[in-house]
Each structure stands twice: as structure tokens, then as C-alpha cells.
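This report refers to the structure that appears directly beneath it.
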Amino acid sequence: MVEFFYEGTMNFIEKRLQEVPFLILDGAVSTEIERRGVSVSDSLWGASALEDHPGVVEAMHESYYEAGADIVTSDSYQATIQGLTEKGYTEEESKDILRTSVGLVKRAQRKYKEKSQDKWSLFVAASVGPYGAYLRDGGEYRGNYGKSVEELKAFHRLRFSLLAEAGADVLACETIPSFNEMKAFISLLHDWPCVVAWFSFSSVDGKHMAEGVDIEEAVRYLDREKQVVAIGVNCIDPSYGEGLIKQMKKSTEKPIIIYANSGEVWDPKCGEWSGHAVSIGRYAEKWISAGAKIIGGCCRTTPEDMKELKELKELKEIRNRMMCKR
């Protein structure tokens, strides 16, 4: 029974990619919640809305499906058991909030399917953020936590188990800056052999994981893992994307995933964004040419960005059909 479930789930990305030129991931979660009028200045960042404004969260998820996203991600990046209990929730309440994060995406998916003529498969991803997100000091862009693999496993274990059992199609182990944290997630993933995940790294220089390990070394480590369905980068400057994709393609044939920021830069000390936003669509063609198969946005991107990707995807599908007729 495990083998049947595993094989069916393992191939859902690859199977869909046989039908479309690339898959569209959603965009920002917390900054999109903020754009909708909800404060995310709380220590839980956008995850505070799971309890206080679930309707806003669900509507946001549905808007990404409407914009053309094939995969929509839960609002659980900042939601850790430790962070929630420090905020005053009991452990049981914290567990319920994590389950709710996936439940809201599934409800949005169901609503969109009911009213849409779109018959294609739509997927749900459960976000598993790094230890640095809990620290709230920009640690996901440094990664030098001073924590062992075992210590990081202990930190992530309960949340990981709850999200693994919440009914998402895939776990999104994202913004990983640390090789040790990557190993911790892989070890936890082995405890749930029926679950699959993608792994995406943060990079501040376009060549290495944030803590300094070469991206290719990390990709080679993940390439042998059967439960890993895609490998990539997120929360990066979009101008780094093409080079990083080419690096990763050298070490794996797994689908490459990329979801970059808007081009603006977050200053954790000041709590502000600086710089100028750019369109993800401006880079998408280069990312696809370099080998990316799943494309979306991270901080400060919006459903409007996903609409651009949808238009590009439809254009490529038309071109493919024309080529087949020749």
C-alpha cells in the first residue's frame, strides 16, 4: 500500500510536466496578505492571519488559483510550534493552526474547481520554513545557526509531522540557507516514506547557499533522494535566477523550481523593503530556457505576476501544438 501511494504521488509533477511546458507556482503569501490590508508586523508575520483573518488567507489562495497557479502554498512558513506557543497559544491550539494553514488552501482549491471550467490538476503545497524564519533576524539569509543536524531535527520535528499528515500534495522545504538544515529535513522526510517534498535554497550571491556551501554540492546531495520531487531556489534576487538554474542543471535531472522576490531587498533591522520592483515575467523566458520547470514568485510578488506567467505558458502551449502539426 505504501509503495502504491508513493509511486502515485512521486510522479505528480513529472506527469503534469508531460502535458505543459512548465508549472506555475503561486507568489508571495505574507506580503500579499499585507497588501490586502492585514498587518503582518506580528512576530508570526503572515501566519498571524491564520487565526485572526482566515477569510483573507483563503481568498488570497483562491486568487492565485484564479491567476493561473498550478500549485498554491500554505501560509505556514512562519508558523512554528515554538513561535506559536511563545505568542501565547497552547500546543494543541498551535497544532490546529498548522492544520488550518493547509486546510485553507484545500478549501480555496475546492472552491475554484467548483466554479471554474478549468479541468487541469491543481495542487497544494505545505510550506516548511527554515529555523531562521523563527529567529526573525534574517537568519534564513545567513544560515550559520550554530545548530547541529540533530538540534534542527528536534526543532522542526513536530511541525514537520503535522504538515506531512495534513493532506497536502507536497511539502515545500523552502528558503533553506544551511546544509545542516537540509540534512535535517531529509532525515525527517525519511520518517514519512509516503510524503514527497521539494527543496529550495536561499542564495545571496547567485552561486552558493546563503551560508556559503556551493549550490551544486547541495543539489548532488538531494539528487539521490527519491522523495525529493524538485530542487531549486527561492527568495532570491531574480537577476541571479538564470545562473543558478544552469548550475543546478549540471547536477540533477529532477525538475528545477525557482520563485524569486520582486527585486526589492528586505532589511530585517529596519523592517522595511528597499529598491525597485521588477516583473517576474521579465525573467521567466530566460529561466525556462535555462531549464526551469516550476516558476513562481516569492516576497512582494502578486497574483498579477502569475497572470503574466499564465500568458507565457499559454503562448508556449500554442507554439508546441503548431510544431506538432508540422
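Everything numeric here is computed off the predicted structure, so don't read it as measured data. Every heavy atom of this structure was used, including side-chain atoms; hydrogens, water molecules and symmetry mates were not.
With hydrogens and angles ignored, the 3.5 Å screen pairs a side-chain donor or acceptor of S63 with a backbone N or O of M60. The main-chain N or O of G103 is never found under 3.5 Å from a side-chain atom of T100 such that the two would form a donor-acceptor pair. A donor-acceptor pair under 3.5 Å is formed between the side chain of R142 and the backbone N or O of D137. Side-chain atoms of R136 come within 3.5 Å of backbone N or O of S43 as a donor-acceptor pair. A donor-acceptor pair is defined here as one N or O able to donate and one able to accept, closer than 3.5 Å; such a pair exists between the side chain of Q227 and the backbone of L189. Checking side-chain atoms of Q109 against main-chain N and O of L122 turns up a donor-acceptor pair under 3.5 Å. With hydrogens and angles ignored, the 3.5 Å screen pairs a side-chain donor or acceptor of T31 with a backbone N or O of R300. Under the 3.5 Å distance criterion, the side-chain polar atoms of T252 are left unmatched by any main-chain donor or acceptor of V219. Between the side chain of N261 and the backbone N or O of D237, no donor-acceptor pair lies under 3.5 Å. In this structure, the side chain of K153 does not engage the main chain of S187 through any donor-acceptor pair within 3.5 Å.
K313 has no carboxylate O lying under 4.0 Å from a charged side-chain N of E317, or vice versa, which leaves the two without a salt bridge. Taking 4.0 Å as the cut-off between side-chain N and carboxylate O, R35 and E32 count as a salt-bridged pair. Salt-bridge check for K87 with E51: failed, with every basic side-chain N at 4.0 Å or more from each acidic carboxylate O. With respect to the salt-bridge test (charged N to carboxylate O, under 4.0 angstrom), the residues D223 and R220 do not qualify. Between R107 and E58 there is a salt bridge, since at least one side-chain N of the basic residue sits less than 4.0 Å from a carboxylate O of the acidic one. Using a 4.0 Å cut-off between charged nitrogen and carboxylate oxygen, K316 and E285 count as a salt-bridge pair.
L171 has its side chain out of reach of F185: every pair of non-hydrogen atoms, C-beta onward, lies at least 4.5 Å apart. With contacts defined as side-chain heavy-atom distances shorter than 4.5 Å, the pair T301/Y259 does not qualify. Under the 4.5 Å side-chain criterion, counting only non-hydrogen atoms from C-beta, P255 is not in contact with F22. Side-chain atoms of D214 and Q247, non-hydrogen and from C-beta on, do get closer than 4.5 Å to each other. A heavy-atom distance below 4.5 Å is not found between the side chains of I13 and F123.
S30 meets the side chain to side chain contact (heavy atoms under 4.5 Å, CB included) test with W45, D75; sequence neighbours excluded. Residues satisfying the side chain to side chain contact (heavy atoms under 4.5 Å, CB included) test with E311, not counting sequence neighbours, are none.
A cation-pi contact links R224 to Y221, judged by a cut-off of 6.0 Å to the six-membered ring centre and 45° from its axis.
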For residues 78-85, which side-chain donor-acceptor pairs fall under 3.5 Å, sequence neighbours excluded?
unit_1: Q78; atom_1: NE2; unit_2: A133; atom_2: O; d: 2.7
unit_1: T80; atom_1: OG1; unit_2: G83; atom_2: N; d: 2.9
unit_1: Q82; atom_1: NE2; unit_2: F155; atom_2: O; d: 2.9
unit_1: T85; atom_1: OG1; unit_2: I81; atom_2: O; d: 2.9
unit_1: T85; atom_1: OG1; unit_2: Q82; atom_2: O; d: 3.1

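Side chains of H190 and E225: a donor on one and an acceptor on the other come within 3.5 Å. Under 3.5 Å, the side chains of N234 and S200 contain a donor-acceptor pair of N or O atoms. Side-chain contact annotation: Y145 with E181, donor-acceptor N/O pair under 3.5 Å present. When only modelled atom types and interatomic distance are considered, S148 and E150 share no side-chain donor-acceptor pair under 3.5 Å. Side-chain contact check for Y131 and E151: no donor-acceptor pair (N or O, by modelled atom type) lies under 3.5 Å. Looking at W192 and E165, their side chains do bring a donor and an acceptor atom within 3.5 Å of each other.
Within 6.0 Å of CD on E253 lie no more than 12 heavy atoms contributed by other residues, nucleotides or ligands. For NZ of K95, the number of neighbouring non-hydrogen atoms (other residues, nucleotides, ligands) closer than 6.0 Å is greater than 12. Under a cut-off of 6.0 angstrom, the local environment of CZ in R282 is sparse, with at most 12 non-hydrogen atoms contributed by other residues, nucleotides or ligands.
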